[in-house]
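Model, not experiment: these values are computed from the prediction.
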Amino acid sequence: MQAAKELLFKMADDALIIGHRHSEWTGLGPILEEDIALSSMAQDKIGHAFALFTISHEHFNDHDADTLAFQRNENEFKCCHLVEYPIGEYDFTIARQFLFDHAEILRYELLAQSTIEPLARLAKKIHGELKYHVLHANSWIKRLGSGTDESHARMQAAFNITYPLALGIFEEGPFEVELKDRKIFAGEEVLHRIWEENVCELLEQAHLKVPEVKNPSIGMGGRSGYHSEFLPALLEEMTQVFRLELGVEW
Amino acid sequence: MHAGVVHAPDSELALVFAKEQYGRRLHSASIWVVKTSEIYSLGYENEDMFETTPEKVYREASGYKLRDKINQFKKDLKHAGS
């Protein structure tokens, strides 16, 4: 049960936090369609978080989704650092989206056969949404990576920061063996390997270099509750309305 | 709005066929035709990208059930006034 919960929580927290970050583009997108795209993907991500929290609530005797999303302390969050970073400029947001969603779609593909049935069902249900998220990211990476000198330089700079952070997605937890043995999830190592192949190929196609990771401890710690300096302010803002009047029905 | 597909030897005849097949019942303002080979499409293999769309009622005003709350509020106001 602990193993399953650990998996559900890191996935839910990643989705919730990147969803919140995407939503910060609402009203500020570089063009109207992108404003809508990021807002819409934000809703999808928050929906995924809701679905995962609900599985934990209904099948693992946990609190309800609202309580889990809005009433935990920073150190109880299990998201990776990559999703916590501020949206930056559009290059940063798109580079992060690309790296995150490629991991996300693979993770759910691996989970489509999970022995946690509701999780396997969710994986199948949202596959189309993730395909679109990946299509969105791929299209921009291709366009901006091989666009002008400036767009290329900006994308490369964004990947130089986001790529090392993205390795934090695959930080292993204490239940890797159990998850594999119980056929819940194939494990972070497998996921990392396939992700790296896919991402590197697409970066090359977009004329972008795969950054060298000099310090492998960058971006690590999130899965055990140690976060970047950016998470507290995000949680403060995200829970503001919820805290106004606890238990109120909206 | 995409009305349908016609088979025609050129654009002009395609318009004529389209007018007959798709512009004969409901009101139309204009018709345009494009060669199928010129259309870049997502393809039906990606139909799953739209699978969850009907569930996203929060994107519609009708997805927010406020009528009961408004009626209750009005009732409360009346009672408070009387």
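By the neighbour-count criterion of 12 heavy atoms within 6.0 Å, atom CZ of Arg243(A) is densely surrounded, having more than that number from other residues, nucleotides or ligands. For CD of Gln113(A), the number of neighbouring non-hydrogen atoms (other residues, nucleotides, ligands) closer than 6.0 Å is 12 at most. Summarising the local packing, CD1 of Ile70(B) is surrounded by more than 12 heavy atoms from other residues, nucleotides or ligands at distances under 6.0 Å. Heavy atoms of other residues, nucleotides or ligands lying less than 6.0 angstrom from CZ of Phe70(A) number more than 12. Within a 6.0 Å radius of CG in Asn71(B), other residues, nucleotides and ligands contribute more than 12 heavy atoms. More than 12 heavy-atom neighbours from other residues, nucleotides or ligands sit within 6.0 angstrom of CG on Asp10(B). For Phe60(A), the CZ atom sits in a packed shell: over 12 heavy atoms of surrounding residues, nucleotides or ligands are nearer than 6.0 Å.
Chain B forms more heavy-atom pairs under 4.5 Å with one residue of His133(A), Lys125(A), His127(A) than with any other, namely Lys125(A).
Heavy atoms of Leu130(A) lying under 4.5 Å from chain B are absent altogether.
Of all residues in residues 36-57 of chain B, those placing a non-hydrogen atom less than 4.5 angstrom from a non-hydrogen atom of chain A are Leu42(B), Glu45(B), Asn46(B), Asp48(B), Met49(B), Glu51(B), Thr52(B), Glu55(B), Lys56(B).
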